[in-house]
Amino acid sequence: MTLRLFNTLTGQQDELKPSDGDTIRMYACGPTVYDFGHIGNFRTFLQVDVLRRFLLLTGHKLRHVMNITDVDDKIIRNATAAGIPISEYTPRFVEAFFEDLDSLRVQRPEVIARATEHIEKMVELVEKLSATGAAYRTEDGSWYFRLSAFPEYGKLSKKDLSGMEDGARVDVDEYEKDSARDFALWKAAKPGETAWDTRIGRGRPGWHIECSAMAMEYLGDSFDLHAGGEDLMFPHHENEIAQSESVTHKPFADHWMHVRFLLVDGRKMSKSEGNFYTLRDLLLKGFKASAIRFALISVPYRHQLNFTFEGLTDATNAIDRLRTFYQRITTGSFPAGENADLQTACKDAHSKYMEALANDLNTAEARAPIFDLVRAANTAIDQGKFSTRDRDAVLAVLQAFDAVFDVLQDCDAEPTQRALEWAKSSGRMDDVAPELVERQSMTDEMIESLIAERTQAKKQRNFARADQIRNELAEKGVVLEDSKDGVRWKRK
RNA sequence: GGCGCGGUACCCAAGUGGUAAGGGAGAGGUCUGCAAAACCUUUAUGCGCCGGUUCGAUCCCGGCCCGCGCCUCCA
């Protein structure tokens with residue numbers, strides 16, 4: 001099955017195929033590690049995760065590279081303010097970033113590349129650009145890319161720069177550039193700043209050259225797909241194309257995928273608007289990592305997603321329905337045999353699900369047949385028309401669903417616990433929802449033991465005691481469900 | 001100003017030239033010691049507004065209104 005993915009470069013859906021006939025080589029812009037990631041960042045990483053999981057599900061081999069920008073203006077600014085070198089400033093944010101990815105169950109790319117470990121490759125690129133006249137050095141020792149050397153500039157973002165006048169929106173006085181639109185490849189060291197001594201002088205790389213260098217290092221001159229947030233389309237990706245293709249004279253990436261922004265309450269998220277949330281903020285408010293994942297991927301990547309707390313609650317409840325069902329069929333006992341209607345329903349759901357994802361990763365559409373199947377199966381179970389082979393067929397569909405969505409298993413305690421520990425160690429306990437601490441206080445063993453006591457009480461028809469236990473557990477966020485196959489429980 | 005996206009039920013959100021998926025919430029019911037879960041019923045003759053094309057438009061075309069994003073660091 002081939003994915004039809006919208007391609008920013010061509011402006012249409014193109015099939016995504018490995019150009020070498022074997023492995024899809026893709027590059028996705030990673031974080032700049034100057035602070036904790038916010039949910040907007042993670043929407044993009046989650047959508048790329050959906051992409052990679054679907055490609056794996058459809059049997060593709062992947063070589064997915066993600067960069068970590070661990071040197072840039074903001075990092076230098078923050079590190080300077082903290083009075084430490086950037087090599088001491090960035091590691092904790094790198095670590096936090098991966099913790100957050102784990103919380104959201106985002107798979108690791110095959111290659112993770114740090115900018116500061118690829119300086120040599122960047123220098124090489126600047127030298128090559130210089131040799132062809134596409135790069136020039138200014139008096140202060142910085143290097144710039146000469147936009148006029150790349151006539152195709154603007155082909156990705158569909159911008160016509162010929163009508164733009166220098167100085168209109170760009171500060172021409174800051175550096176002695178030939179043209180205001182020329183962008184920095186290499187920034188000369190300022191006193192006290194982190195810098196590398198290289199053949200092109202002492203300084204540090206510009207942001208754009210990092211990605212070109214690392215993409216080429218691990219994927220070659222040309223590769224299949226380049227992904228990132230919509231804001232990166234211009235100028236970042238446009239600049240990557242200009243630099244790279246000026247050196248190689250080959251198409252940089254065949255396919256460009258851009259994830260649209262997440263809005264919060266209808267506005268772009270920003271610190272000044274007061275609608276800015278990190279993943280940790282939400283975990284401490286008591287939202288589950290799985291709900292955040294589900295909410296952020298359920299709106300297809302090509303649409304803006306309006307993030308609200310209500311949306312998170314909806315996602316929580318939707319997951320609950322799925323998990324309850326999953327528990328019901330995995331723990332229940334069913335007669336041997338099969339129900340022809342359900343077998344058909346399973347095939348149907350599976351093909352609709354796959355087709356929806358193959359159609360430009362339409363996650364919203366893909367959810368529908370899964371929920372349809374859940375209803376059909378629940379109905380069959382209620383009517384006693386659900387057999388072991390039906391269970392297996394349904395589980396196979398759920399497996400395909402979870403290969404991409406990954407929300408069926410309840411792994412929510414760990415991220416929450418981690419967030420709590422982080423809050424403790426960083427003095428942020430005031431941000432923690434009070435009921436969260438209480439809920440986390442019950443271990444599985446304590447819960448099981450209370451349930452055993454309640455079952456005993458019920459046998460003796462001591463319903464008062466049984467209900468008391470149930471209420472106690474409910475206060476701790478544990479919900480019980482009596483069934484003919486025993487008591488099932490889950491955390492709210 | 002330039003480029004682009006969107007406006008579908010109470011909320012979120014798919015979708016299609018032939019009459020509106022799915023999730024959440026609400027209401028009623030079945031089941032159950034009571035719950036929970038599940039299931040059933042119910043919530044848009046309607047898809048921003050006005051024209052046009054068509055046998056037929058929410059879906060195509062034109063205009064208008066509203067919201068949003070990018071054009072500068074930004075996922």
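Chain identifiers are assigned alphabetically (A, B, ...) following the order of the sequence lines, protein sequences preceding nucleic acid strands; residue numbering begins at 1 within each chain.
- Of the candidate nucleotides C71(B), G69(B), A75(B), G69(B) has the atom lying nearest to any side-chain atom of L263(A).
- Distance from the side chain of R181(A) is smallest for U72(B) among the nucleotides U72(B), G33(B), C70(B).
- Computed from coordinates, the F401(A) CZ to G23(B) P distance equals 12 Å when rounded to whole Å.
- A salt bridge links E152(A) and K155(A); the closest N-O separation between the charged side-chain nitrogens and carboxylate oxygens is under 4.0 Å.
- Using a 4.0 Å heavy-atom cutoff across all strands shown, A364(A) reaches at least one base atom of the nucleic acid.
- H38(A) and Y277(A) have their aromatic ring centers separated by at least 6.0 angstrom.
- In this pair, F183(A) and H208(A) present their aromatic rings perpendicular. The plane angle is above 60°, beyond the 30 to 60° band.
- Annotation: C59(B) and A20(B) have their C1' atoms spaced 11 Å apart (nearest Å).
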Legend entry - Watson-Crick and G-U pairing of RNA chain B written in dot-bracket, each distance under 3.5 angstrom, with | for inter-strand partners: (((((((..(((.....[...)))((((((.......))))))....(((((..]....))))))))))))....
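- At the phosphate of A25(B), OP1 or OP2 sits under 4.0 Å from a side-chain N or O atom of N317(A).
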Which pairs, protein N/O on one side and nucleotides 8-12 of chain B N/O on the other, fall under 3.5 Å?
none

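- Across the protein-nucleic acid pair, Y353(A) atom OH and G23(B) atom P stand 16 Å apart, rounded to whole Å.
- In this entry the distance linking OH of Y301(A) with C1' of G69(B) reads 16 Å, nearest Å.
- Spacing between atom CG of D73(A) and atom P of U72(B) amounts to 16 Å, rounded to whole angstrom units.
- Here the two rings, on H237(A) and H226(A), have centers that are under 6.0 Å apart.
- Across all strands shown, D482(A) has heavy atoms under 4.0 Å from base atoms, whether or not it also approaches the sugar-phosphate.
- Nucleotides G62(B) and C10(B), compared at atom C1', are 34 Å apart to the nearest Å.
- Here, G23(B) and G52(B) have their C1' atoms 37 Å apart, quoted to the whole Å.
- Summarising the geometry, the separation between CG on L262(A) and P on C74(B) is reported as 18 Å, rounded to the nearest angstrom.
- Salt-bridge formation is detected for the pair D444(A)/R491(A): a Lys NZ or Arg NE/NH1/NH2 atom is positioned less than 4.0 Å from an Asp or Glu carboxylate oxygen.
- For the pair R321(A) and C39(B), the criterion of a side-chain N or O lying under 4.0 Å from OP1 or OP2 is met.
- Using a 4.0 Å heavy-atom distance criterion, G266(A) is classed as a sugar-phosphate-only contact.
- Of the charged side-chain nitrogens involved, at least one lies within less than 4.0 Å of a carboxylate oxygen, so that K492(A) and D320(A) count as a salt-bridged pair.
- Here the shortest heavy-atom pairing between D348(A) and S351(A) reads O-OG, 3.1 Å.
- Of all nucleotides listed (A38(B), C73(B), G69(B)), G69(B) comes nearest to the side chain of Q304(A).
- For D467(A) against G33(B), a side-chain N or O and a base N or O form a donor-acceptor pair under 3.5 Å.
- Among the atoms of the strands shown, none is found under 4.0 Å from any heavy atom of R302(A).
- As judged by a 4.0 angstrom heavy-atom cut-off over every strand, H236(A) is placed among residues making no nucleic acid contact.
- One atom, CD of Q383(A), and another, P of A37(B), lie 20 Å apart when rounded to the nearest Å.
- Using a 4.0 Å heavy-atom cutoff across all strands shown, E230(A) reaches sugar-phosphate atoms only and no base atom.
- Between A27(B) and U16(B), the two C1' atoms lie 31 Å apart (nearest whole Å).
- Salt-bridge formation is detected for the pair R4(A)/E355(A): a Lys NZ or Arg NE/NH1/NH2 atom is positioned less than 4.0 Å from an Asp or Glu carboxylate oxygen.
- Remark on RNA chain B: of its neighbouring residues G229(A) and E481(A), the 5'-side contact belongs to E481(A), judged by nearest-heavy-atom nucleotide.
- The aromatic rings of F223(A) and F252(A) sit perpendicular to each other, their planes meeting at more than 60°, with 30° as the lower class boundary.
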Inset, instruction - Begin with the C-alpha distance, continue with both residues' side-chain angles, and end with the deciding distance and a verdict on salt bridge (Lys or Arg N to Asp or Glu O under 4.0 Å) for K458(A) and D482(A). - result: CA-CA 11 Å; K458(A) 269 180 62 178; D482(A) 295 330; 3.0 Å; yes
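- Backbone-only engagement by P300(A) is indicated by non-hydrogen atom pairs under 4.0 Å involving sugar-phosphate atoms exclusively.
- Side-chain atoms of K268(A) and base atoms of C74(B) include a donor and an acceptor less than 3.5 Å apart.
- Within residues 365-375 of chain A, the residues approached by RNA chain B to less than 4.0 Å at the level of any non-hydrogen atom are E365(A), R367(A), A368(A), F371(A), D372(A), R375(A), in residue-number order.
- Taking the six-membered ring wherever Trp is involved, the centroid distance between the rings of F287(A) and F309(A) falls below 6.0 Å.
- Among the atoms of the strands shown, only primed sugar atoms or phosphate atoms (P, OP1, OP2) are found under 4.0 Å from some heavy atom of N362(A).
- For a distance-only test at 3.5 Å, the side chain of R43(A) fails to qualify as a donor-acceptor partner of the base of A75(B).
- Annotation for D182(A) and L147(A): closest pair OD1-N, 2.9 Å, computed over non-hydrogen atoms.
- Aromatic rings of H118(A) and Y218(A) (six-membered ring for Trp) have centroids within the 6.0 Å cut-off, being under it.
- Taking the charged nitrogens against the carboxylate oxygens, R293(A) and D49(A) do have a contact shorter than 4.0 Å, which makes a salt bridge.
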